[in-house]
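Values below: every heavy atom of this structure, side chains too, minus hydrogens, waters and symmetry copies. Given the structure is predicted, the values throughout are model-derived calculations rather than measurements.
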Amino acid sequence: MLHQPPWVRVEDPLSLQFAWDDADGGALHLGSDEEAAEVVRVSLHLEHRARMALGIALAEWIVWRFKALRDDDVPASFIEAAWCATADPRYLRFFVLTREDWMGPVNGPLWFAITRLRQALSVGVDFPRDLLDALAFLTRLALYVQPTREPLRAWFRPVLDRLRREFPKTPEDPLADLFARDPSSRMGPLVSREVFDPAASLPPDAGRSFLQQVLAMASQEQNPFLATPDDLADTRFSGTPYRVP
(Lines give C-alpha, C1' and ligand atoms only; values in the text may rest on other atoms or scores of the structure.)
Protein backbone atom coordinates (compact mmCIF):
# COMPACT_ATOMS: atom_id res chain seq x y z
CA MET A 1 0.00 0.00 0.00
CA LEU A 2 1.25 3.46 -0.82
CA HIS A 3 1.86 5.79 2.11
CA GLN A 4 1.42 9.54 2.40
CA PRO A 5 4.15 11.21 0.36
CA PRO A 6 6.42 13.85 1.95
CA TRP A 7 5.13 16.59 -0.31
CA VAL A 8 1.59 16.40 1.08
CA ARG A 9 1.74 18.49 4.25
CA VAL A 10 -1.52 18.87 6.15
CA GLU A 11 -1.53 21.17 9.15
CA ASP A 12 -4.16 20.39 11.80
CA PRO A 13 -5.73 17.44 9.90
CA LEU A 14 -8.55 17.00 12.46
CA SER A 15 -9.92 20.46 11.68
CA LEU A 16 -12.99 20.78 9.45
CA GLN A 17 -13.42 24.51 8.93
CA PHE A 18 -14.97 24.50 5.47
CA ALA A 19 -18.69 24.51 4.68
CA TRP A 20 -20.13 21.37 3.11
CA ASP A 21 -23.70 20.65 2.03
CA ASP A 22 -24.46 17.31 0.40
CA ALA A 23 -27.90 18.58 -0.63
CA ASP A 24 -26.43 20.83 -3.34
CA GLY A 25 -23.65 18.48 -4.32
CA GLY A 26 -21.27 19.88 -1.73
CA ALA A 27 -18.77 21.07 -4.32
CA LEU A 28 -20.54 23.61 -6.48
CA HIS A 29 -19.05 26.80 -5.04
CA LEU A 30 -15.40 25.98 -4.34
CA GLY A 31 -13.73 29.14 -5.60
CA SER A 32 -9.94 29.14 -6.28
CA ASP A 33 -10.50 29.68 -9.99
CA GLU A 34 -7.10 31.31 -10.49
CA GLU A 35 -5.11 28.23 -9.50
CA ALA A 36 -7.46 25.93 -11.42
CA ALA A 37 -7.03 28.00 -14.57
CA GLU A 38 -3.24 27.90 -14.20
CA VAL A 39 -3.26 24.10 -13.83
CA VAL A 40 -5.31 23.76 -17.01
CA ARG A 41 -3.10 26.23 -18.91
CA VAL A 42 0.02 24.26 -18.02
CA SER A 43 -1.66 20.90 -18.67
CA LEU A 44 -2.56 21.87 -22.21
CA HIS A 45 1.17 21.78 -22.98
CA LEU A 46 1.90 18.47 -21.22
CA GLU A 47 1.97 14.89 -22.42
CA HIS A 48 -1.18 12.97 -21.54
CA ARG A 49 0.50 10.70 -18.99
CA ALA A 50 1.84 13.75 -17.14
CA ARG A 51 -1.68 15.20 -17.02
CA MET A 52 -2.95 11.94 -15.53
CA ALA A 53 -0.20 11.95 -12.92
CA LEU A 54 -0.98 15.55 -11.99
CA GLY A 55 -4.62 14.62 -11.44
CA ILE A 56 -3.58 11.80 -9.11
CA ALA A 57 -1.19 14.08 -7.22
CA LEU A 58 -4.00 16.60 -6.68
CA ALA A 59 -6.27 13.79 -5.48
CA GLU A 60 -3.55 12.74 -3.05
CA TRP A 61 -3.81 16.15 -1.36
CA ILE A 62 -7.49 15.35 -0.76
CA VAL A 63 -7.12 11.70 0.23
CA TRP A 64 -4.29 12.22 2.72
CA ARG A 65 -5.88 15.37 4.12
CA PHE A 66 -8.69 13.13 5.46
CA LYS A 67 -6.56 10.11 6.40
CA ALA A 68 -6.76 10.84 10.14
CA LEU A 69 -10.56 11.09 9.95
CA ARG A 70 -11.19 7.66 8.40
CA ASP A 71 -10.42 4.18 9.72
CA ASP A 72 -10.07 2.34 6.40
CA ASP A 73 -7.72 2.23 3.41
CA VAL A 74 -10.29 2.55 0.61
CA PRO A 75 -9.18 6.01 -0.63
CA ALA A 76 -5.49 5.02 -0.43
CA SER A 77 -6.21 1.82 -2.36
CA PHE A 78 -7.83 3.89 -5.08
CA ILE A 79 -4.76 6.15 -5.30
CA GLU A 80 -2.55 3.09 -5.72
CA ALA A 81 -4.73 1.72 -8.54
CA ALA A 82 -4.87 5.18 -10.12
CA TRP A 83 -1.07 5.24 -10.37
CA CYS A 84 -1.27 1.82 -12.02
CA ALA A 85 -3.59 3.39 -14.59
CA THR A 86 -0.79 5.70 -15.69
CA ALA A 87 0.93 2.59 -17.07
CA ASP A 88 -2.29 1.66 -18.90
CA PRO A 89 -5.77 3.09 -18.13
CA ARG A 90 -7.25 -0.39 -18.43
CA TYR A 91 -5.58 -1.33 -15.14
CA LEU A 92 -8.16 0.79 -13.31
CA ARG A 93 -11.21 -1.34 -12.72
CA PHE A 94 -14.70 0.02 -13.41
CA PHE A 95 -16.52 0.64 -10.12
CA VAL A 96 -19.26 2.79 -8.62
CA LEU A 97 -19.18 4.20 -5.10
CA THR A 98 -22.71 4.39 -3.71
CA ARG A 99 -23.37 8.06 -3.06
CA GLU A 100 -25.42 7.42 0.09
CA ASP A 101 -22.38 5.77 1.69
CA TRP A 102 -20.17 8.78 1.00
CA MET A 103 -21.86 11.76 2.61
CA GLY A 104 -20.67 14.55 4.88
CA PRO A 105 -17.61 16.84 5.04
CA VAL A 106 -15.13 13.93 5.02
CA ASN A 107 -16.67 11.28 2.78
CA GLY A 108 -18.34 13.77 0.44
CA PRO A 109 -15.13 15.38 -0.85
CA LEU A 110 -13.52 11.95 -1.13
CA TRP A 111 -16.45 10.68 -3.20
CA PHE A 112 -16.18 13.61 -5.58
CA ALA A 113 -12.41 13.28 -5.91
CA ILE A 114 -12.43 9.52 -6.52
CA THR A 115 -15.42 9.56 -8.86
CA ARG A 116 -14.20 12.44 -11.01
CA LEU A 117 -10.66 11.12 -11.24
CA ARG A 118 -11.74 7.56 -12.06
CA GLN A 119 -13.76 8.78 -15.03
CA ALA A 120 -11.00 11.11 -16.23
CA LEU A 121 -8.29 8.46 -16.07
CA SER A 122 -10.44 5.88 -17.81
CA VAL A 123 -11.51 7.94 -20.82
CA GLY A 124 -9.06 10.84 -20.90
CA VAL A 125 -6.86 9.45 -23.67
CA ASP A 126 -9.74 9.64 -26.14
CA PHE A 127 -11.63 12.48 -24.43
CA PRO A 128 -8.95 14.89 -23.14
CA ARG A 129 -11.53 17.50 -22.15
CA ASP A 130 -12.76 15.15 -19.42
CA LEU A 131 -9.28 15.03 -17.92
CA LEU A 132 -8.74 18.79 -18.14
CA ASP A 133 -12.10 19.44 -16.47
CA ALA A 134 -11.18 16.99 -13.71
CA LEU A 135 -7.84 18.75 -13.16
CA ALA A 136 -9.60 22.08 -12.67
CA PHE A 137 -12.15 20.52 -10.32
CA LEU A 138 -9.55 18.63 -8.25
CA THR A 139 -7.45 21.79 -7.90
CA ARG A 140 -10.40 23.73 -6.53
CA LEU A 141 -11.52 20.89 -4.25
CA ALA A 142 -8.01 20.23 -2.90
CA LEU A 143 -7.57 23.89 -1.98
CA TYR A 144 -11.06 24.12 -0.52
CA VAL A 145 -10.72 21.28 1.99
CA GLN A 146 -7.21 22.06 3.30
CA PRO A 147 -7.02 23.32 6.89
CA THR A 148 -4.46 25.86 5.61
CA ARG A 149 -3.89 26.40 1.91
CA GLU A 150 -0.33 27.73 2.02
CA PRO A 151 1.45 24.33 1.78
CA LEU A 152 -0.57 23.36 -1.29
CA ARG A 153 -0.16 26.76 -2.93
CA ALA A 154 3.60 26.65 -2.32
CA TRP A 155 3.70 23.20 -3.95
CA PHE A 156 2.01 24.27 -7.18
CA ARG A 157 4.72 26.43 -8.73
CA PRO A 158 7.77 24.13 -8.55
CA VAL A 159 5.69 21.12 -9.56
CA LEU A 160 4.06 22.81 -12.56
CA ASP A 161 7.45 24.16 -13.63
CA ARG A 162 8.99 20.67 -13.41
CA LEU A 163 6.16 19.08 -15.40
CA ARG A 164 6.43 21.73 -18.09
CA ARG A 165 10.19 21.17 -18.30
CA GLU A 166 10.24 17.36 -18.16
CA PHE A 167 7.07 16.37 -20.03
CA PRO A 168 6.36 18.92 -22.79
CA LYS A 169 3.70 17.88 -25.25
CA THR A 170 5.05 16.49 -28.52
CA PRO A 171 3.25 16.03 -31.86
CA GLU A 172 1.03 12.97 -31.90
CA ASP A 173 1.90 10.06 -34.14
CA PRO A 174 -1.35 9.13 -35.96
CA LEU A 175 0.00 5.62 -36.54
CA ALA A 176 0.99 4.93 -32.94
CA ASP A 177 -2.35 3.26 -32.15
CA LEU A 178 -4.20 3.26 -35.44
CA PHE A 179 -7.08 1.05 -34.25
CA ALA A 180 -7.27 2.43 -30.69
CA ARG A 181 -6.30 -0.88 -29.08
CA ASP A 182 -3.36 0.28 -26.94
CA PRO A 183 -3.99 3.61 -25.17
CA SER A 184 -0.66 3.37 -23.33
CA SER A 185 1.18 3.95 -26.61
CA ARG A 186 -0.42 7.40 -26.95
CA MET A 187 0.27 8.76 -23.46
CA GLY A 188 3.88 9.94 -23.51
CA PRO A 189 6.77 9.11 -21.14
CA LEU A 190 6.25 7.25 -17.87
CA VAL A 191 5.92 9.49 -14.80
CA SER A 192 7.21 8.75 -11.31
CA ARG A 193 5.47 9.84 -8.14
CA GLU A 194 8.79 11.48 -7.19
CA VAL A 195 8.13 14.10 -9.86
CA PHE A 196 5.72 15.73 -7.43
CA ASP A 197 8.25 16.06 -4.63
CA PRO A 198 9.97 19.42 -5.26
CA ALA A 199 12.80 18.37 -2.93
CA ALA A 200 13.57 15.13 -4.77
CA SER A 201 15.88 14.66 -7.74
CA LEU A 202 14.75 12.41 -10.58
CA PRO A 203 17.05 9.43 -11.24
CA PRO A 204 17.14 8.04 -14.79
CA ASP A 205 14.17 5.84 -15.66
CA ALA A 206 12.40 6.81 -12.41
CA GLY A 207 8.97 6.43 -14.01
CA ARG A 208 9.53 2.84 -15.08
CA SER A 209 11.01 1.86 -11.73
CA PHE A 210 8.14 3.39 -9.76
CA LEU A 211 5.39 1.89 -11.93
CA GLN A 212 6.93 -1.58 -11.90
CA GLN A 213 6.95 -1.38 -8.11
CA VAL A 214 3.38 -0.09 -7.71
CA LEU A 215 1.94 -2.57 -10.23
CA ALA A 216 3.61 -5.48 -8.45
CA MET A 217 2.42 -4.21 -5.07
CA ALA A 218 -1.18 -3.66 -6.18
CA SER A 219 -1.34 -7.08 -7.85
CA GLN A 220 0.16 -8.90 -4.87
CA GLU A 221 -2.17 -7.15 -2.43
CA GLN A 222 -5.19 -7.76 -4.70
CA ASN A 223 -6.09 -4.09 -4.72
CA PRO A 224 -9.90 -3.97 -5.15
CA PHE A 225 -9.66 -1.15 -7.72
CA LEU A 226 -7.11 -2.95 -9.89
CA ALA A 227 -8.52 -4.72 -12.94
CA THR A 228 -8.26 -8.50 -12.78
CA PRO A 229 -6.81 -10.56 -15.65
CA ASP A 230 -10.39 -11.39 -16.71
CA ASP A 231 -11.28 -7.68 -16.69
CA LEU A 232 -8.25 -6.96 -18.86
CA ALA A 233 -9.19 -9.70 -21.30
CA ASP A 234 -12.57 -8.04 -21.76
CA THR A 235 -10.79 -4.82 -22.80
CA ARG A 236 -8.70 -6.64 -25.48
CA PHE A 237 -5.57 -6.20 -23.37
CA SER A 238 -2.63 -8.07 -24.88
CA GLY A 239 0.70 -8.93 -23.34
CA THR A 240 1.61 -9.81 -19.77
CA PRO A 241 -0.60 -8.06 -17.19
CA TYR A 242 0.92 -5.82 -14.54
CA ARG A 243 4.10 -5.17 -16.49
CA VAL A 244 5.20 -1.69 -17.51
CA PRO A 245 4.95 -1.32 -21.29
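Its side chain within the 4.5 Å cluster rule, Phe94 clusters with Val96 among the Ile, Leu, Val, Met, Phe, Trp and Tyr residues.
Taking all atoms of both residues into account, the shortest heavy-atom contact from Tyr144 to Arg149 is CA-NH2, 3.7 Å.
The aromatic rings of Tyr91 and Phe237 are tilted relative to each other, their planes meeting at an angle between 30° and 60°.
Residue Arg243 places its CZ atom among 12 or fewer non-hydrogen atoms of other residues, nucleotides or ligands, all under 6.0 Å distant.
A heavy-atom distance below 4.5 Å is found between the side chains of Arg49 and Leu190. Side-chain contact between Tyr242 and Val214: absent, with no pair of heavy atoms (C-beta onward) separated by less than 4.5 Å. Counting heavy atoms from C-beta on, the side chains of Glu166 and Pro189 never come closer than 4.5 Å.
Residues Trp83 and Phe210 bring their aromatic ring centres within 6.0 Å.
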Listed pairs under 3.5 Å, donor-acceptor, residues 4-13 side chains, sequence neighbours left out:
from: Gln4; atom 1: NE2; to: Val8; atom 2: O; distance (Å): 2.9
from: Glu11; atom 1: OE1; to: Thr148; atom 2: OG1; distance (Å): 3.0

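Considering Arg164, Arg51, His48, Glu38 as possible partners of Ser43, the one that fulfils the side-chain contact (heavy atoms from CB on, under 4.5 Å) test is Arg51.
Connection of Leu211 to Leu202 is established within a shared hydrophobic cluster, with ILVMFWY side chains joined at heavy-atom distances below 4.5 Å, either directly or through further cluster members.
A side-chain donor-acceptor contact under 3.5 Å links Thr228 to the backbone of Asp231.
For residues 54-64, the salt bridge (Lys or Arg N to Asp or Glu O under 4.0 Å) pairs, not counting sequence neighbours, are Glu60-Arg193.
Ion pair Asp73/Lys67 flagged as a salt bridge, since at least one NZ, NE, NH1 or NH2 atom sits closer than 4.0 Å to an Asp/Glu carboxylate oxygen.
For Arg116 and Phe137, the positive end sits near the middle of the six-membered ring, less than 6.0 Å away and at most 45° from its axis.
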